[in-house]
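Below you'll find the structure, written out as structure tokens, and then a few comments.
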Amino acid sequence: MPAFAQTDELPRVARSDIEVVPSNRSLRNAIRRNLNQYRDSLRAVELSPVPSRLALGERQRILQLMETRGYYQAEVIYRLREEEDGTERLQYRVDTNEQYTVLSVSIEGHEFTPPSRWPVATEGSDLVADRILSDQSELSNLIDEASCFFRLSVNHEVQMVDADLGGHVIYRVSADDPSTIGRVSFEGDMEDIEESFLLRQTGLRSGACFNRSAVDQAILNLYQTQLFASVRRTLQRQSDGSVDIAFELIKRPPRTLTSGIGWDTDQGLGLRLGWEHRNLAGRAQRLRLGTELREQRRAVNADLTLPGFLERRNTLNWSNTLAYETPSGAEYYLGESRAIISRQASRNDTYSFGLAYRRSDERVGDDWNTFSQFRFPLAYDHDQLPGALNPTKGLRYNAKIEPVVSLIGSNDPYWISSLGWSSFRPLGDQLVLANRLAWTAVWPLTDSSDLATIPASDRLLAGGGGSVRGYPYRSIGYGPDNFGGTQQWEGSLELRGRFAEDWGGVIFTDVGSVSGNWNPLSEDQEYLIGVGLGVRYYTRVAPVRFDVAFPLQPRENDSLFQIYISLGQSF
């Protein structure tokens, strides 16, 4: 009897079962993953073909996969290898031969001049199916945004020329029925929700040019109110050329209890509890109440969020926090009220500005000081993956500045600035290279300002799970007394891999310096480096993170390692 004649004996495809010539690790992993998915589907329906029949089906799947990668003359051979225990195992050798290229790109059926960024699969590039399909989708979006067609379809054809090892890519466009937006309506559970608010949030205006990208953005805007579990749209074109748009809405429960837990070596157990109401007065106003309990920080907070503040793209967030902190050798009582208006300039770009009041009572050594301040935060954020807790591709960067003016206390006016950048680049199908760089600085606001008088709680310190892992929380300071500095540089490099559906791993390096000099290459900078590795368990919401980090320059009171457990990637 064949080794895997029974359903439960159908083996997983191992890396050693696939040979790609010339060697191509990414392609080998893609073939292996494809075959394992095929075998999973066979198990699900309790089919177990004999090895020779299974090999014919899998060989065809490999050839189809190779064509999507541009290898139209690939050859696949297989063999049955007998193991020492008498079982048999299928193995494949894949000869890729030459990869086909794009010979030309053309558009037929509609006159349109695309921007320079289109297409990605240009003449001379690899003839890869994913790129052509992506270009097709992008072309459809570009034509849709530049026109008012109710009926628009874009398809493609590739005319192969084997003698030239390539193909001509032709995009065929069908565009009809120029239209305008007609009546916009809402259906479903609308109790306690103002229709005028929803209409403004969609951004749709009766009489405007109709395009489907605007309708898709309207659906996204409705989801972003966090009021709805489901949003569906129906389009009906009228005889006068207008298109009536109806949104069918299913509400989420308006109230939610949340909790979070984490642990690290020097801070111990950390607990967060929260309660949220997402629709206080019919316009998606959100109230969040929460508490945070850690060894060196205890805090309570209340946040009120008003979407569509004055204008659809604006959001007002009013946050209030009371905290008690006990960093090494110090004690802080902090209270802050902060009102920020954020404006969504585009899907990826947000500008924000606001006003904050902060009061702090601080003990450093035996001395107590009281500070009362007004702050004026300004910020710009670019996020290509907004809200993602496990990003795999794209960029995030931001710039912030916050002037601080004293009402009570001895500190002179100053301002805090920061620049942050992080990128995520896939390396094949299972690996992601993630890196970040951050710079934070405290500057005098006037020529006479003395930074020695700023509150100790605003002094910059590094170390901990969100900073330089391997060193205790906020333990990296400046000078012989390890006091907080006015300039801080931090960076991280992570190689993230996923080796199963629910499990992954990471190896990382963190580096950080705190000083009084902004120049990262100056002699004042003393960089401390931590290295480590971790395990990730991927849940539906975010990965659970377990990291072990080691300080490469351990100081007298530093432990040999630090452990961190929390939800979400480190950055």
Side-chain angles (χ1 to χ4, degrees), residues 317 319 321 323 325 327 332 334 336-343 345 348-360 362 371-383 395-407 409-423 435-464 466-468 474 476-479 483-492 510-528 571:
N317 180 256
S319 60
T321 303
E325 297 183 1
Y332 308 148
L334 306 172
E336 183 175 271
S337 182
R338 181 174 290 254
I340 302 292
I341 295 176
S342 300
R343 182 174 180 82
N348 300 325
D349 300 290
T350 304
Y351 299 90
S352 60
F353 61 93
L355 173 67
Y357 172 76
R358 179 180 181 183
R359 179 189 170 94
S360 62
E362 306 180 5
F371 301 95
S372 178
Q373 304 167 326
F374 274 124
R375 298 174 174 233
F376 305 90
L378 301 167
Y380 163 73
D381 290 273
H382 176 87
D383 190 347
L395 289 173
R396 288 172 170 165
Y397 51 84
N398 61 73
K400 299 179 182 179
I401 182 172
E402 187 168 301
V404 181
V405 178
S406 177
L407 299 177
S410 59
N411 64 295
D412 292 328
Y414 58 98
W415 52 285
I416 303 170
S417 63
S418 66
L419 295 174
W421 174 86
S422 56
S423 73
N435 53 81
R436 74 176 182 99
L437 181 65
W439 170 48
T440 306
V442 181
W443 306 92
L445 193 60
T446 65
D447 292 340
S448 60
S449 296
D450 183 3
L451 291 182
T453 66
I454 70 173
S457 58
D458 269 345
R459 287 279 179 175
L460 304 178
L461 293 164
S467 177
V468 185
R474 289 175 61 84
I476 300 175
Y478 173 51
F483 190 61
T486 57
Q487 303 287 327
Q488 179 175 306
W489 287 92
E490 289 183 345
S492 298
D510 295 337
V511 60
S513 173
V514 176
S515 72
N517 191 325
W518 70 271
N519 185 351
L521 302 179
S522 73
E523 296 181 355
D524 291 348
Q525 307 293 348
E526 181 183 356
Y527 288 99
L528 296 183
F571 62 92

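Here the straight-line distance linking atom CG of Leu528 with atom CD1 of Ile476 works out to 4.5 Å at 0.5 Å rounding. Here the OG-CZ distance, from Ser342 to Phe353, works out to 9.0 Å after rounding to the nearest 0.5 Å. Asp524 CG to Tyr478 OH: the interatomic distance, rounded to the nearest 0.5 Å, is 5.0 Å. The structure places OG of Ser467 at 9.5 Å from CZ of Arg474, a figure rounded to the nearest 0.5 Å. A distance of 6.0 Å separates CG of Leu355 from CZ of Phe374, quoted to the nearest 0.5 Å.
For Trp443, the CH2 atom sits in a packed shell: over 12 heavy atoms of surrounding residues, nucleotides or ligands are nearer than 6.0 Å.
Put simply, the side chain of Thr440 never gets that close to the backbone of Gln488: no donor and acceptor are under 3.5 Å apart. Not a single donor-acceptor pair under 3.5 Å links the side chain of Gln525 to the backbone N or O of Ser513. A donor-acceptor pair is defined here as one N or O able to donate and one able to accept, closer than 3.5 Å; no such pair exists between the side chain of Trp415 and the backbone of Ala441. Between the side chain of Asp381 and the main chain of Asn398, no donor-acceptor pair closer than 3.5 Å is present.
Taking the side chain as every heavy atom from C-beta outward, Ile416 and Asp458 approach each other to under 4.5 Å. A heavy-atom distance below 4.5 Å is not found between the side chains of Asp412 and Thr446. Arg459 places a side-chain heavy atom less than 4.5 Å from the side chain of Ile454. Put simply, the side chain of Pro455 reaches to within 4.5 Å of the side chain of Gln373, judged on heavy atoms. The shortest side-chain heavy-atom distance between Pro520 and Tyr527 falls under the 4.5 Å cut-off. Side-chain contact between Val405 and Phe376 is present, with heavy atoms from C-beta onward closer than 4.5 Å. With a 4.5 Å cut-off on side-chain heavy atoms, Leu407 and Tyr357 count as touching. When side chains are defined from C-beta on, Ser423 does not count as touching Tyr397, because their heavy atoms never get closer than 4.5 Å.
Contact between Ile340 and Gly354 at its shortest, heavy atoms only, is CD1-CA, 4.0 Å. The nearest pair of heavy atoms linking Gly484 to Leu461 is CA-CD2, 3.6 Å. Listed here is the closest heavy atom pair of Glu362 and Ser457: OE2-OG, 2.6 Å. In plain terms, the two heavy atoms of Leu451 and Tyr414 that are nearest each other are CD2-CB, 4.0 Å. Of all heavy-atom pairs spanning Tyr380 and Tyr351, the tightest one is CD1-CE2, 3.4 Å. Looking at every heavy atom in both residues, Ala462 comes nearest to Val468 through CB-CG2, 4.5 Å.
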Inset, instruction - Carefully, step by step, assess Arg396 and Ser422 under the rule side chain to side chain donor-acceptor pair (under 3.5 Å). - result: CA-CA 5 Å; Arg396 288 172 170 165; Ser422 56; 5.6 Å; no
Inset, instruction - Could you walk me through whether Gln487 and Trp439 pass the side chain to side chain contact (heavy atoms under 4.5 Å, CB included) test, one step at a time? - result: CA-CA 8 Å; Gln487 303 287 327; Trp439 170 48; 3.1 Å; yes
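In this view, Glu402 and Arg338, Arg375 satisfy the salt bridge (charged side-chain N to carboxylate O under 4.0 Å, His left out) rule, not counting sequence neighbours.
No donor-acceptor contact under 3.5 angstrom links the side chains of His382 and Asn348, judged on distance only.
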